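These figures come from a predicted structure and were not determined experimentally. Because only heavy atoms are used, hydrogens play no part in the values below, and waters and symmetry mates are left out as well, while side chains stay in.
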Amino acid sequence: MKVGILGSGGVAKTLAAGFVKHGHDVMLGTRTPAKLADWSKQHPGARVGSFAEAAAFGETIVLAVKGGVASEALRAAGAPNLAGKTVMDATNPIADAPPVNGVLKFFTSLDDSLMERLQREFAAARFVKVFNSVGQALMINPQLKGGKPTMFICGNDEAAKKMVTAVLDQFGWETADMGRAEAARAIEPLCMLWCIPGLTRNQWSHAFKLIQA
Ligand SMILES: NC(=O)c1ccc[n+]([C@@H]2O[C@H](COP(=O)([O-])OP(=O)(O)OC[C@H]3O[C@@H](n4cnc5c(N)ncnc54)[C@H](OP(=O)(O)O)[C@@H]3O)[C@@H](O)[C@H]2O)c1
């Protein structure tokens, strides 16, 4: 699969390395490709370009930019470059205000989510919420005492979610499909919950698991 990853931060680089490890072709997109020159040398399997070049390159897109600028980054990528493609949305709507007792502030409400906003603005893209509820260090084939962790996903397109489930299988995750885009109102705040042990006790080595009867 050709994967265009929008972003140059820790999540973008981690997922890029994960896709390369599992045999996919990757291009990272950023406003300043030069800043990834060193990273590029260490990861010869991955290309680097602008947001638009990465989006045009990808048959599938990963969105891994700061939540508050997600819309801006997608506009730079170009709506025609996203049309019909699955967009794996790893973003969280974290506000600039500091956390309170380890609880992050969001700029969305519980009756809204960042992914729904993006899905409305880029209606021809097929957004799937994924990778937002775990730290980057555990995204690729995590080895945890409790076995395979669960990744909660949602989105309006069944074929897109099927493809994302196949990626999660490769990356060592169980998938829990929570339904349509509105479920992002519940999945995005899992980031708040996940970060509390980190922000209050510096513990970051955990992931969620859904236990079935
Ligand atoms: N860190 C984690 O462990 C983790 C885990 C799960 C989910 N997430 C979520 O994943 C996303 C990425 O997180 P991150 O920590 O890797 O990186 P980040 O620091 O949140 O974001 C960095 C990216 O945002 C882009 N950006 C910043 N301002 C921009 C603007 N005005 N216009 C366009 N793009 C802009 C940067 O683009 P340039 O390359 O052009 O500078 C860069 O690619 C976030 O939404 C975060 O909440 C993070």
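The number of heavy atoms from other shown groups lying within 6.0 Å of NZ (K21) is above 12.
Partners of R75 according to the side chain to side chain donor-acceptor pair (under 3.5 Å) rule, which considers only residues two or more places apart in sequence or in another chain, are S71, E121. For H24, the side chain to side chain contact (heavy atoms under 4.5 Å, CB included) partners at least two apart in sequence or on another chain are M1, V3, F19, H22, Q170. Taking the salt bridge (charged side-chain N to carboxylate O under 4.0 Å, His left out) definition, one finds that K209 meets it with E174, sequence neighbours left out. For the side chain to side chain donor-acceptor pair (under 3.5 Å) test, residues two or more places apart in sequence or in another chain that qualify with E188 are K129. Contacts of R201 classified as side chain to side chain donor-acceptor pair (under 3.5 Å), with partners at least two apart in sequence or in another chain: Q203. Residues passing the side chain to side chain contact (heavy atoms under 4.5 Å, CB included) test with A95 are K105, F107, sequence neighbours excluded. Considering only residues two or more places apart in sequence or on other chains, A55 meets the side chain to side chain contact (heavy atoms under 4.5 Å, CB included) condition with L6, I61, A77, N81, L82. Under the side chain to side chain donor-acceptor pair (under 3.5 Å) criterion, N202 pairs with W204, sequence neighbours left out.
Side chain of S133 to main chain of L190: no donor-acceptor pair is present (N/O by atom type, distance under 3.5 Å, no hydrogens or angles).
Applying the ring-ring contact (aromatic ring centres under 6.0 Å, His included) rule to pairs touching residues 51-106 yields nothing, sequence neighbours excluded. Within the structure, the salt bridge (Lys or Arg N to Asp or Glu O under 4.0 Å) test picks out the following pairs touching residues 41-61 (sequence neighbours left out): D38-K41. Sorted by first and then second residue, the salt bridge (Lys or Arg N to Asp or Glu O under 4.0 Å) pairs involving residues 65-74 (not counting sequence neighbours) are K66-D96. Screening residues 132-145 for salt bridge (Lys or Arg N to Asp or Glu O under 4.0 Å) gives no qualifying pairs among residues at least two apart or on separate chains.
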Checking D177 against T165 for the side chain to side chain contact (heavy atoms under 4.5 Å, CB included) test, could you report, in this order, the C-alpha distance in whole Å, the side-chain angles of both residues, the deciding distance, and whether it holds?
CA-CA 9 Å; D177 180 357; T165 301; over 6 Å; no
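Shown here for L28 and A16, the closest heavy-atom pair between the two residues is CD1-CB, 3.2 Å.
Taking the six-membered ring where tryptophan is involved, the planes of F208 and F152 are perpendicular, since the angle between them exceeds 60° and thus also 30°.
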